[in-house]
Novice: 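Handing you a structure now.
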Amino acid sequence: MSVLAVKNLSKAFGGVQAVRDVSFAVAAGELLAMIGPNGAGKTTCFDLLNGQLAPDAGEIEFEGRSLRGLAPREIWRLGVGRTFQITATFGSMTVRENVQMALLSHHRRLSSLFSLAAKRYRGEADALLARVGMRDQAERPCAVLAYGDLKRVELAIALANQPRLLLMDEPTAGMAPGERGELMQLAADLARGSKIAVLFTEHDMDVVFTHADRIVVLSGGELIAQGSPQEVRAHAAVREVYLGSYA
C-alpha cells in the first residue's frame, strides 16, 4: 500500500483551474519529484495535501486514511511533515530550541510552551540535529546561521513528528549549487533509511534527475507525465513545455 495516494484531485479559484484531475502515489522510502513550469499547480497541490486548501474534488489518502477536511495541525500529528520554500525558524532562539518547540507540539505540551522549551526533549532535539549534521551548532541562534544550515534545521524540525510522509516545497531554493546536492542527498538517505515517503518540488533539474526515484510533471494544473527520470526526460510533451534544452 502506498503511503500517499492522490486520486483525481481538483481545485479551482474562480474561473482558473489550478489543479485538474491529478492522480499519483508515493511509497515508503521513495523520493517522488513534482516538476513543471511556474503556474503548473505544484504549490496548490502541496497546499491541498497539507490541508491549507480544501479540494473541490478528488481524494487524498495517507496510509489508507482520508485527509480531506482535516486541518494542517491534524495532518501533521498523523505523521505528515513539511518544509517550505522560505525557511520559517525563530531567529532569536537557538537551533536546539527551535527543534524543541516542534517536539513540544508533537508531544502535546504547548500549554506550557515557553516555560518548558529550554528543558524538555533536549536529548530528542540533539538526536534530530545529529541526523541532519547540525548537532555542533545546537547552541547558536538561528539568526546567525548560513542559509544552507537553516535548511538543515528546518529538516530537523520536519522530522520532529516522526513523519512517514515528508512534503518538501522547493527544498534547495536560495542555496548555493554545492549545498543543494548535499541537502537532497541527506534527505534521500534519511528517507530510504527510515522508510519515509518524500514528495518534493524543485526547479533545479540536476537535483531532480540525480535524486528522484520517480517524477510527476504538471502543466496548466494537469498531470502530463509520470515515470522514472529516464522516461520523463524522454517524454515529448515534457520536453516541449518544460525541459527544453535540458533534455
Novice: Taking the side chain as every heavy atom from C-beta outward, state whether Lys7 and Val22 have any atom pair closer than 4.5 Å.
Specialist: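 SC-SC contact between Lys7 and Val22 ruled out.
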Novice: Please lay out, stage by stage, how Asp213 and Arg192 fare under the test salt bridge (charged side-chain N to carboxylate O under 4.0 Å, His left out).
Specialist: CA-CA 11 Å; Asp213 297 307; Arg192 291 164 184 151; 2.9 Å; yes
Novice: Could you tell me the separation between the CE atom of Met205 and the CZ atom of Arg233, rounded to the nearest 0.5 Å?
Specialist: 10.0 Å
Novice: Quick one: do Arg135 and Arg96 satisfy side-chain contact (heavy atoms from CB on, under 4.5 Å)? Show the steps, please.
Specialist: CA-CA 8 Å; Arg135 173 63 183 85; Arg96 179 188 290 119; 3.7 Å; yes
Novice: Taking the side chain as C-beta and beyond, is there a heavy-atom pair between Val232 and Gln226 under 4.5 Å?
Specialist: no
Novice: Rounded to the nearest 0.5 Å, what separation is found between the NE2 atom of His211 and the CG atom of Asp204?
Specialist: 9.0 Å
Novice: Kindly indicate whether the side chain of Pro72, heavy atoms from C-beta on, has any atom under 4.5 Å from the side chain of Gln52.
Specialist: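 Heavy-atom side-chain distance check passes, below 4.5 Å.
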Novice: State plainly whether one hydrophobic cluster holds both Val26 and Leu167, where clusters connect Ile, Leu, Val, Met, Phe, Trp and Tyr through side-chain heavy atoms under 4.5 angstrom apart.
Specialist: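 Looking at the clustering, Leu167 is in the same group as Val26.
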Novice: Evaluate the side-chain contact (heavy atoms from CB on, under 4.5 Å) criterion for residues Leu129 and Asp136: first the C-alpha distance (whole Å), next the side-chain angles of each, then the deciding distance (0.1 Å), finally the verdict.
Specialist: CA-CA 8 Å; Leu129 290 171; Asp136 61 341; over 6 Å; no
Novice: Indicate whether the side chain of Asp149 and that of Gln137 have a donor and an acceptor atom separated by less than 3.5 Å.
Specialist: yes
Novice: Looking only at atom types and distance, does a side-chain atom of Glu30 sit under 3.5 Å from a main-chain N or O of Ala27, one as donor and one as acceptor?
Specialist: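 The answer is yes, because a donor-acceptor pair under 3.5 Å joins these two groups.
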Novice: Do Thr172 and Glu202 get their side chains close enough for a donor-acceptor pair, meaning under 3.5 Å?
Specialist: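 Yes, because at least one side-chain N or O of Thr172 sits under 3.5 Å from a partner of the opposite role on Glu202.
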Novice: Measuring from Glu74:CD to Leu67:CG, what's the distance to the nearest 0.5 Å?
Specialist: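 It comes to 10.0 Å.
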Novice: Do Glu139 and Val95 have side chains that get closer than 4.5 Å, going by heavy atoms?
Specialist: no
Novice: How long is the straight-line distance from CZ of Phe62 back to OG of Ser2, given to the nearest 0.5 Å?
Specialist: 12.0 Å
Novice: If you measure from the Lys or Arg side-chain nitrogens to the Asp or Glu carboxylate oxygens, is any gap between Arg82 and Asp47 under 4.0 Å?
Specialist: yes
Novice: Can you find a pair of side-chain heavy atoms, one from Lys195 and one from Val3, that are under 4.5 Å apart?
Specialist: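 Lys195 vs Val3: side chains apart.
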Novice: Is it true that a side-chain atom of Arg20 and a backbone atom of Gly221 form a donor plus acceptor pair closer than 3.5 Å?
Specialist: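 Here the side-chain-to-backbone pair does not exist.
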Novice: Any heavy-atom pair between the side chains of Leu32 and Phe200 that's under 4.5 Å?
Specialist: no
Novice: What's the separation between atom CG in Leu103 and atom CD in Glu97, rounded to the nearest 0.5 Å?
Specialist: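 The distance works out to 12.5 Å.
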Novice: Between Asp21 and Ser10, is there a side-chain donor-acceptor contact under 3.5 Å, judged purely by atom types and distance?
Specialist: no
Novice: Donor-acceptor pair, distance only, cut-off 3.5 Å: does the side chain of Ser66 make one with the backbone of Glu61?
Specialist: no
Novice: Determine whether Ile215 and Val238 make a side-chain contact, defined as any pair of heavy atoms from C-beta on separated by less than 4.5 Å.
Specialist: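 Not in contact.
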Novice: Let me check something: do Leu165 and Phe46 share a hydrophobic cluster, defined by ILVMFWY side-chain heavy atoms less than 4.5 Å apart, either directly or through other members?
Specialist: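 Yes: a chain of side-chain contacts under 4.5 Å links Leu165 to Phe46.
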Novice: Decide yes or no on side-chain contact (heavy atoms from CB on, under 4.5 Å) for Met34 and Phe24, but give the supporting numbers first.
Specialist: CA-CA 10 Å; Met34 177 180 287; Phe24 61 87; 3.7 Å; yes
Novice: Under 4.5 Å between any side-chain heavy atoms of Arg180 and Lys151, yes or no?
Specialist: no
Novice: Looking at every non-hydrogen atom in both residues, tell me the closest pair between Trp76 and Ser105 and how far apart they are.
Specialist: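 Scanning both residues completely, I find the closest heavy atoms to be CZ3-OG, 3.4 Å.
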Novice: Using the side-chain contact (heavy atoms from CB on, under 4.5 Å) rule, pick out the option among Ile196, Leu31, Val80 that qualifies with Leu166.
Specialist: Ile196
Novice: Taking the side chain from Lys42 and the backbone from Gly36, do they hold a donor-acceptor pair closer than 3.5 Å?
Specialist: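 Yes, because the side chain of Lys42 sits within donor-acceptor range (under 3.5 Å) of the backbone of Gly36.
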Novice: Please check: side-chain N/O of Glu124 versus main-chain N/O of Tyr121, any donor-acceptor pairing under 3.5 Å?
Specialist: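 No, Glu124 side chain to Tyr121 backbone: no donor-acceptor pair under 3.5 Å.
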Novice: Could you tell me whether the side chain of Thr201 and the main chain of Glu170 form a donor-acceptor pair under 3.5 Å?
Specialist: yes
Novice: How far does CG of Asn98 sit from CG of Leu128, to the nearest 0.5 angstrom?
Specialist: 12.5 Å
Novice: Apply side-chain contact (heavy atoms from CB on, under 4.5 Å) to the pair Leu223 and Val217, showing each step before the final yes or no.
Specialist: CA-CA 6 Å; Leu223 194 153; Val217 188; over 6 Å; no
Novice: Have Arg164 and Ser194 got a donor and an acceptor in their side chains that come within less than 3.5 Å?
Specialist: no
Novice: Between Glu59 and Arg68, is there a salt bridge with N-O shorter than 4.0 Å?
Specialist: no
